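Here's the structure we're looking at; comments come further down.
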Amino acid sequence: MIVPVLHVVAVAAILFFMGLACILARRSLIMILIGAEIMLNAAGLVLVAASAYWQRIDGQLFVLFLMAMTSAEVSISLALVVYLRRRQGTVVADDFRKMSG
Amino acid sequence: MATILFYILSAVAIVATGFCITRRNPVHAVIYLVQGFFALAILFYLLGAPLVAAWEVIIYAGAIMVLFLFVIMMLELAPDDPLPGPGWQRWAPVALLALALLVCSVLLLAVESGKSGIPPYYASPRTFGYALFKEYALAVEVVSFQLLFAAVGAYYVGRNERGRDPGGTP
Amino acid sequence: MNDLLLFTIPLAPLLFGVVNALCGIRLPTVVVQTFAVCGVAISAAMVLLLWPLATGEGTQVILYTWAESGTLQVPVTILFDRLAAPMALMVSGVSTLIHLYAIGYMKAERDQARFFALLNLFVFAMLCIVLADNLLLLFLGWEGVGFCSYALIGYWYGEEKNAAAGRKAFLVTRVGDVFLGLALLWLFAATGTLSLSAINAQAAALPAATVTAIGLLLLLGACGKSAQLPLMTWLPDAMAGPTPVSALIHAATMVTAGVYLLCRFFPLIALSPTALAAIAGVGAATALYAATCAAAQQEIKRVLAYSTMSQVGFMFLAVGAGAMSAAMFHLFTHAFFKAALFMGAGCVIHLADGENSIFNLGGMKQRSPYLFWIFCAAALCLAGAPLTGGFFSKDAIFAALAGHGGWFHLGLLGIASYTALLTAFYTFRLLYLVFAGSGASETKGHHLPVLMLWPLLPLTVLGLLGGLLNLPPIFGGGSWLANWLGATASHLPAAQEWGLALLSLLLVLSGWLLARWRYRNYRAGAMEGRLPEFLRLGWHADSLVEKLVLRPYRYLARFSSDGIDRSAIDGALDLFAKAILAWGEYLRLVVSGRVSHYLGGVAWGLLLVLGWLLLTTVG
């Protein structure tokens with residue numbers, strides 16, 4: 001027993017909301033994606049902690065799936081960033097407002 | 001020993017992430033993030049997940065972040081980020097919101113779980129492999145398909161259209 | 001004898017009518033005409049053949065059950081009794097003659113298949129009314145004749161005037177039909193059955209007020225079909241149809257359907273003195289009204305139309321006086337001579353090449369002496385000249401009124417006498433104007449086909465000798481029709497009877513002398529002046545209807561359309577739509593298209609969820 005589980009989850013929560021803040025505050029698509037990565041890692045930390053807490057391997061397996069999924073997501077979203085940059089010459093999220101109602 | 005290490009590494013991860021999200025230069029941000037991920041990897045190891053720790057370094061820090069760096073450099077965003085960094089006006093409400101959320105969730109957790117600690121745990125690669133390929137074989141297949149589709153999708157989105165569209169924007 | 005054969009009477013015209021309607025356009029005209037005549041001739045032959053079935057209590061046959069639901073049973077039932085049999089014979093017989101006449105009359109027309117199909121359908125529907133025991137079947141026939149009348153009045157629908165006349169007839173008679181429908185529903189509610197014979201059998205058990213109300217509703221229904229006041233405006237306009245149609249539908253059969261209906265319900269109606277008085281009143285008023293109008297008309301067919309209205313008024317008067325046999329007697333003789341008159345008028349118009357104003361006709365006696373004698377004989381019947389059928393039937397009505405006594409019926413007798421005088425006057429006026437003198441239109445015109453001439457002969461003979469049907473005892477007859485119908489013939493003292501006959505004779509004579517004095521050598525053309533104009537326009541009935549019914553209705557329709565529909569309902573809907581639209585404009589702001597806004601929304605939502613969770617957990 002190294003630390004109380006609450007402390008691990010608290011760290012994860014801090015990381016998670018920092019990632020959320022990054023997504024909300026930054027306007028560059030790259031930084032928004034980075035914020036998403038931070039949040040995903042926070043989720044991974046909770047999963048690993050849960051795995052240790054319940055003495056079961058499943059949490060760690062889910063981190064593996066999480067990573068696989070993240071790499072898929074990142075590859076596609078970065079490809080989209082490149083594509084948008086090519087088409088519109090910008091990576092600022094607020095410049096894309098063709099969907100305005 | 002491990003407990004002290006946990007708090008130090010947590011502080012490192014949080015500070016690194018904090019620097020990461022506030023940097024104007026995306027290259028700096030990515031470097032800070034890599035640092036945070038290293039700290040996180042050791043946290044994983046401490047929590048009894050050596051394999052996940054290794055992947056964190058290899059896949060996240062090594063592959064994904066390098067991909068970010070690659071894209072940043074390819075798009076030449078690093079030398080002159082056209083954006084003025086987000087100022088106080090933009091950060092203040094976001095920080096408040098994030099803080100409120102954090103307080104909410106921590107309070108919620110404190111009410112729920114109390115003070116019980118995490119027992120020492122170690123998942124050997126053998127256990128991991130058995131569980132992965134026996135219980136979750138179908139999930140592995142699904143995820144691998146997803147990766148394949150992602151690769152095809154990324155290729156399709158990022159393909160060079162110059163062959164069809166001469167004079168298109170680079 | 002198989003009772004079911006009775007159904008061939010209405011079904012034969014239906015069969016040939018449907019055949020003509022479906023494939024008449026591909027058949028040669030001769031075949032179409034043969035089919036049409038066959039349909040009605042078979043009916044007439046079957047009525048004669050099956051006549052024994054009508055004796056005694058009559059015969060009731062069920063073909064099949066049309067509809068049933070709970071206590072409501074609608075079997076297709078025929079009641080072939082002492083009332084229906086002669087009526088069916090008259091309808092099918094006169095129809096046969098008129099069909100033959102129509103072949104000659106319509107020789108040059110297109111669309112003969114449509115004409116003959118509709119004519120046959122009409123006969124089918126009319127026979128349905130005559131024979132039906134089930135009230136729903138009767139109503140089917142009632143609406144069927146209405147539709148055929150509409151379609152045939154508008155036969156030359158290419159001209160707006162004709163189509164409008166058809167519509168008018170349809171709509172005005174529909175007003176009456178609504179009341180008839182109400183009466184039938186009420187009867188069903190009161191008695192629980194739709195069978196006519198059953199209703200008549202238990203009529204005495206109904207409350208007096210119900211009987212009176214139903215009788216009045218039946219009267220209104222009959223008024224629509226029989227062109228009685230106040231639903232009479234359609235009949236003069238209905239003359240826009242071909243002459244055979246006028247002869248068949250608007251003289252001999254359909255307009256008398258109202259009288260027949262009242263006779264059919266006579267056991268019920270006779271229970272209510274109020275209803276009888278109303279019927280008599282309506283009949284007398286219409287008779288007088290129409291006679292005055294007929295005396296001022298300019299078109300030959302409109303004269304006859306008003307006289308038809310007037311004569312049907314006499315029939316109503318007879319029913320109202322409680323003399324059902326007299327009503328049926330007058331119905332038969334009138335059918336014969338009026339059909340002959342209409343067909344004669346058709347011949348006259350044909351000879352004069354479409355000229356139908358009596359002031360432009362004239363000298364027809366030289367053109368066709370045969371036609372003159374036929375027309376003259378039929379006109380004498382109409383005028384009620386002694387020893388013709390019309391004389392006896394009119395006399396029977398007078399006798400019924402006189403036998404009743406009381407100031408009301410004597411007053412009606414006075415009106416009827418005056419009307420008879422007018423009838424004689426306008427009849428001889430018509431005769432003098434059309435046949436006397438030397439015609440102005442001698443050079444024009446056509447030769448008359450044989451088929452247009454000889455069907456008039458049997459009808460005229462029937463009209464002249466119709467009195468034999470119901471010869472009163474003082475003339476040595478046995479009142480055959482009254483006995484056959486089982487009615488209690490009114491037995492006046494012989495002196496009174498002779499007095500009435502003398503009165504009739506005097507009325508006819510004075511009417512004739514008046515017309516002879518006025519119109520023998522009349523060359524002045526149409527009369528001018530307010531009174532003739534007033535009478536010619538039917539006492540301004542049309543403009544009265546326009547003012548009292550159509551204009552308020554139009555205002556109401558415009559108010560409903562502009563005031564209620566467009567302003568209120570559409571306005572409310574528009575307002576609602578505009579509110580939604582405005583709200584949508586505001587809602588649109590939410591969809592800013594900025595990713596950061598959406599993400600912010602997600603975060604605020606997350607805060608909401610977490611906060612709520614915290615509250616519930618702590619609380």
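Small disclaimer: the values here were computed from a predicted structure and weren't measured. All heavy atoms count here, side chains included; hydrogens, waters and symmetry mates do not.
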**OP:** Please indicate whether Leu587(C) has more than 12 foreign heavy atoms, meaning atoms of other residues, nucleotides or ligands, lying under 6.0 Å from its CG.
**Re:** yes
**OP:** Any salt bridge (charged side-chain N to carboxylate O under 4.0 Å, His left out) involving residues 147-158 of chain B? Give me the pairs, sequence neighbours left out, ordered by first then second residue.
**Re:** none
**OP:** Could you tell me if the ring centre of Trp55(B) sits under 6.0 Å from that of Phe128(B)?
**Re:** yes
**OP:** Using modelled atom types only, decide if a donor and an acceptor are shared between the side chain of Gln112(C) and the backbone of Val32(C) within a distance under 3.5 Å.
**Re:** no
Original post:
Does Arg174(C) make a cation-pi contact with Phe170(C) (under 6.0 Å, within 45 degrees of the axis)?
Top reply: yes
Original post:
In residues 600-608 of chain C, which residues are in contact with chain B at a heavy-atom separation under 4.5 Å?
Top reply: Ala603(C), Trp604(C), Leu606(C), Leu607(C)
**OP:** Taking the side chain as every heavy atom from C-beta outward, state whether Phe133(B) and Val140(B) have any pair of such atoms under 4.5 Å apart.
**Re:** yes
